[in-house]
Undergrad: 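Below you will find the structure I want to go over with you.
Within every chain, numbering begins at 1; the chains are lettered A, B, ... in the order of the sequence lines, protein sequences first and strands thereafter.
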Amino acid sequence: MSRATCYWLMKVEPAAYTIDQLERDRTTTWEGVRNYKARNYLRDEIKVGDGVLFYASNADPSGVVGIAQVVRDGYPDPYQFKRGHKYHDPKSTESDPRWYAVDIRLVEKFMRVVSLAELKATRALKNMMVTQRGARLSIQPVTKSEFDAVRQMGHPRATQ
DNA sequence: GCCAACGTTGGC
DNA sequence: GCCAACGTTGGC
């Protein structure tokens with residue numbers, strides 16, 4: 001039996017990847033995460049079926065732009081072994097990989113950006129990690145109620 | 001193991 | 001572009 005669905009927020013800068021690209025790709029590998037806390041989530045906690053808030057950081061405005069779903073559990077990030085690649089890590093070995101990735105699939109692109117300012121102004125989201133000062137972690141756990149609230153904010157017409 | 005220096009993130 | 005926050009590195 002699998003555990004209950006968990007929810008996550010994953011950040012990416014538009015210069016690196018966008019939800020429009022995910023729309024075209026349908027599925028993508030969430031690779032290049034080089035932070036140990038985020039790595040632990042990828043390796044140990046993020047599972048197939050989990051919900052993902054796709055967050056565009058360093059954007060105008062920054063915010064959640066859609067929903068994705070995990071379609072492959074954590075596995076060693078292939079780029080850590082690619083010499084010359086910007087994600088190459090010479091200290092990582094195939095037998096003891098340091099970095100992990102998951103695969104995600106687009107579920108829906110929001111009709112509008114749910115901006116960080118809006119998230120911060122929403123009382124129900126006052127404890128959400130991304131609204132806290134200095135929350136730089138690129139993968140963050142999200143509660144179901146936070147996930148549902150943000151999803152509704154992205155689809156104002158659909159919930160009328 | 002401490003901690004200063006340095007690098008990165010990311011909002012503004 | 002600035003800079004606060006935070007993570008990592010490396011000398012000791």
Side-chain angles (χ1 to χ4, degrees), chain A residues 6-23 25 28-46 50-70 74-104 106-143 145-156:
Chain A
C6 292
Y7 300 91
W8 308 92
L9 178 144
M10 298 193 187
K11 295 184 190 174
V12 66
E13 300 194 15
Y17 198 73
T18 66
I19 194 144
D20 290 332
Q21 279 174 268
L22 181 58
E23 203 167 30
D25 295 343
T28 196
T29 300
W30 206 261
E31 83 278 335
V33 173
R34 296 294 181 267
N35 168 283
Y36 286 105
K37 183 147 195 179
R39 186 281 308 271
N40 291 345
Y41 289 141
L42 289 168
R43 187 188 59 191
D44 306 329
E45 298 196 40
I46 302 178
D50 282 359
V52 174
L53 297 176
F54 191 112
Y55 182 91
S57 62
N58 256 326
D60 187 23
S62 296
V64 179
V65 292
I67 304 281
Q69 189 174 43
V70 177
Y75 61 98
D77 181 340
Y79 291 96
Q80 68 194 307
F81 306 123
K82 296 207 164 102
R83 222 162 265 145
H85 194 277
K86 69 167 172 169
Y87 293 141
H88 178 237
D89 184 345
K91 292 180 184 166
S92 189
T93 62
E94 306 250 4
S95 58
D96 187 19
R98 181 177 294 197
W99 307 111
Y100 281 73
V102 297
D103 290 352
I104 65 167
L106 182 69
V107 173
E108 60 196 16
K109 182 184 162 182
F110 285 171
M111 291 186 294
R112 63 194 193 84
V113 179
V114 179
S115 71
L116 179 60
E118 227 177 312
L119 297 176
K120 285 181 173 172
T122 302
R123 185 165 306 188
L125 302 178
K126 73 173 170 56
N127 293 322
M128 192 176 181
M129 192 182 289
V130 77
T131 66
Q132 312 302 308
R133 182 180 160 87
R136 298 190 316 171
L137 196 59
S138 68
I139 298 182
Q140 306 178 355
V142 168
T143 67
S145 69
E146 289 165 351
F147 183 88
D148 290 343
V150 174
R151 182 180 222 168
Q152 293 227 342
M153 291 163 77
H155 285 80

Undergrad: Starting from P on B:dC12, measure out to CG on A:D60 and report it in whole angstrom.
TA: 12 Å

Undergrad: Round to a whole Å and report the spacing from CE of A:M129 to P of B:dG10.
TA: 13 Å

Undergrad: Calculate the interatomic distance between A:E13 atom CD and B:dT9 atom C1'; express it in whole Å.
TA: 8 Å

Undergrad: Are the side chain of A:E31 and the backbone N or O of A:V102 linked by a donor-acceptor pair below 3.5 Å?
TA: no

Undergrad: Need one value for A:K37: base, sugar-phosphate or nothing, where a base atom within 4.0 Å counts as base even if backbone is also close, heavy atoms only.
TA: nothing

Undergrad: Drop me the distance from A:W30's CH2 to A:I46's CD1, to the nearest 0.5 angstrom.
TA: 10.5 Å

Undergrad: Between A:N58 and A:Y36, which residue's closest nucleotide on DNA chain C lies nearer the 5′ terminus?
TA: A:N58

Undergrad: Between the side chain of A:Q80 and the main-chain N/O of A:P97, is any donor-acceptor distance below 3.5 Å?
TA: no

Undergrad: Restricting to nitrogen or oxygen on both sides, can you table the protein-nucleotides 2-8 of chain B pairs closer than 3.5 Å?
TA:
residue: B:dT8; atom: O2; partner: A:R136; partner atom: NH1; Å: 2.7

Undergrad: Answer yes when A:E118 and A:R112 have at least one side-chain N-carboxylate O distance shorter than 4.0 Å, and no when they do not.
TA: yes

Undergrad: May I ask you to check whether A:W99 and A:Y36 place their ring centres under 6.0 Å from each other?
TA: yes

Undergrad: Does a side-chain N or O of A:Y55 approach OP1 or OP2 of B:dG11 to a distance below 4.0 Å, or not?
TA: yes

Undergrad: Indicate yes or no: does A:D77 engage A:R34 in a salt bridge with an N to O separation below 4.0 Å.
TA: yes

Undergrad: Over how many whole Å does the gap from A:R34 atom CZ to B:dT9 atom P extend?
TA: 12 Å

Undergrad: Rounded to whole angstrom units, what separation is found between the CZ atom of A:R98 and the C1' atom of C:dT9?
TA: 12 Å

Undergrad: In whole Å, what is the span from the CD atom of A:Q140 to the P atom of B:dG11?
TA: 10 Å

Undergrad: Would you say a side-chain N or O of A:K11 is under 4.0 Å from OP1 or OP2 of B:dT9?
TA: no

